[in-house]
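Notes for the one structure printed next.
Quick note on labels: first sequence line is chain A, next is B, and so on, each numbered from 1.
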Amino acid sequence: MQKTLCQNCILQSDAAIKLIKNQLNELTDHCSRVEFKPGEIIFKENAISTNVVYIQRGLVKIHTDNFSKDRILRLTKAPSYLCLPGVLGDSINRFSATTIEPTLACFIDIHVFKKFILENGDFAYQIILALSQNEIKSFQVSLNLAQKQANGRVADALLYFAREIYNSQVFMLPFSRQELGDWMGISRESVSRILGEFHSAHIIYQNGKEITILNEELLEQISQKG
DNA sequence: CCATTAATTATCG
DNA sequence: CGATAATTAATGG
């Protein structure tokens, strides 16, 4: 295991920055980091987890195939922590995590992590903050899915990639149409059809997985109207 | 309005 | 070239 690792990458995490020096050393001793290629599984649902996973760099999807179809619950962009709800509760992962871009992940021993929460209020506060934000986002996602129709959901997905992930009107979709459908809760055929319609209406330019947003304002309207 | 089915076409390895 | 993904059209809930 590499030493002095955690001190070096610490700036990326609001929570870890609150750790004091000897806690950082302890973190280094109980943490390993792993490179993932796109499409690799970080962990699977129903597995017992003894780690908290910290995503240092990359993009990950949280999904479940508990139902007959795969459902993508959310994407999470570095930096962020995974597994917290499971690991702090019954230690069983409720969901799977799979990378969709090259990802660097740190596996942190759960006992050390719990100790930090008990010892260090600033650290604990940062973790609670992150969990709270996640919960609010989950509510928003639920509401959107409940109220919007398919073209609104696809518009949402495109705006999400453009704004939250790539900060660009031009980007390569990291998803197949199937995955987009799994994410927004619609069929892959509908995704194809709606992207085709957006293309014809010159709202986007589409060439395979290459997407250019031509009329963000209109996309926004479609997203709002549902 | 959209899922499903089915048939066709494009793309990947 | 065979397998997989994407597109398109038709049908029905």
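Within 4.0 Å of A/S176, counting heavy atoms only, lie sugar-phosphate atoms of the nucleic acid but no base atom. Using a 4.0 Å heavy-atom criterion, one finds that A/E179 contacts no nucleic acid atom at all.
When rounded to the nearest whole Å, the span between NZ of A/K209 and C1' of C/dT7 equals 14 Å. Rounded to whole Å, atom P of C/dA5 lies 17 Å from atom CG of A/L195. Computed from coordinates, the A/R188 CZ to C/dT8 C1' distance equals 13 Å when rounded to whole Å. The interatomic distance linking A/H199 (NE2) with C/dT8 (P) rounds to 10 Å, in whole Å. If you measure from atom CD of A/E210 to atom P of B/dA10, you get 18 Å, rounded to the nearest angstrom. With rounding to whole Å, A/L180 atom CG is found 13 Å from C/dA5 atom C1'. Residue A/R177 contributes atom CZ, which lies 12 Å from atom C1' of B/dA10 at whole-angstrom precision. Here B/dA3 presents its P atom at 10 Å from CD of A/Q149, a figure rounded to the nearest Å.
A close approach under 4.0 Å does not occur between any side-chain nitrogen or oxygen of A/Q178 and OP1 or OP2 of C/dT4. Contact check, A/K69 against B/dT4: a side-chain N or O comes under 4.0 Å of OP1 or OP2. OP1 and OP2 of B/dC2 both lie 4.0 Å or more from every side-chain N or O belonging to A/R193. Close to B/dA3, at under 4.0 Å from its OP1 or OP2, lies a side-chain N or O of A/S190.
Between A/I194 and A/E189, the one whose closest nucleotide on DNA chain B sits nearer the 5' end is A/I194.
Taking a 6.0 Å sphere around NZ of A/K137, one finds it holds 12 or fewer heavy atoms contributed by other residues, nucleotides or ligands. Within 6.0 Å of the NZ atom in A/K77, the count of heavy atoms belonging to other residues, nucleotides or ligands exceeds 12.
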*Could you walk me through whether A/E179 and A/R188 pass the salt bridge (Lys or Arg N to Asp or Glu O under 4.0 Å) test, one step at a time?*
CA-CA 8 Å; A/E179 284 176 299; A/R188 94 188 104 90; over 6 Å; no
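For A/E220 and A/Q224, the side-chain atoms include at least one donor-acceptor pair closer than 3.5 Å.
Two residues are said to be in side-chain contact when any heavy atoms from C-beta on lie closer than 4.5 Å; A/F95 and A/D65 fail this criterion.
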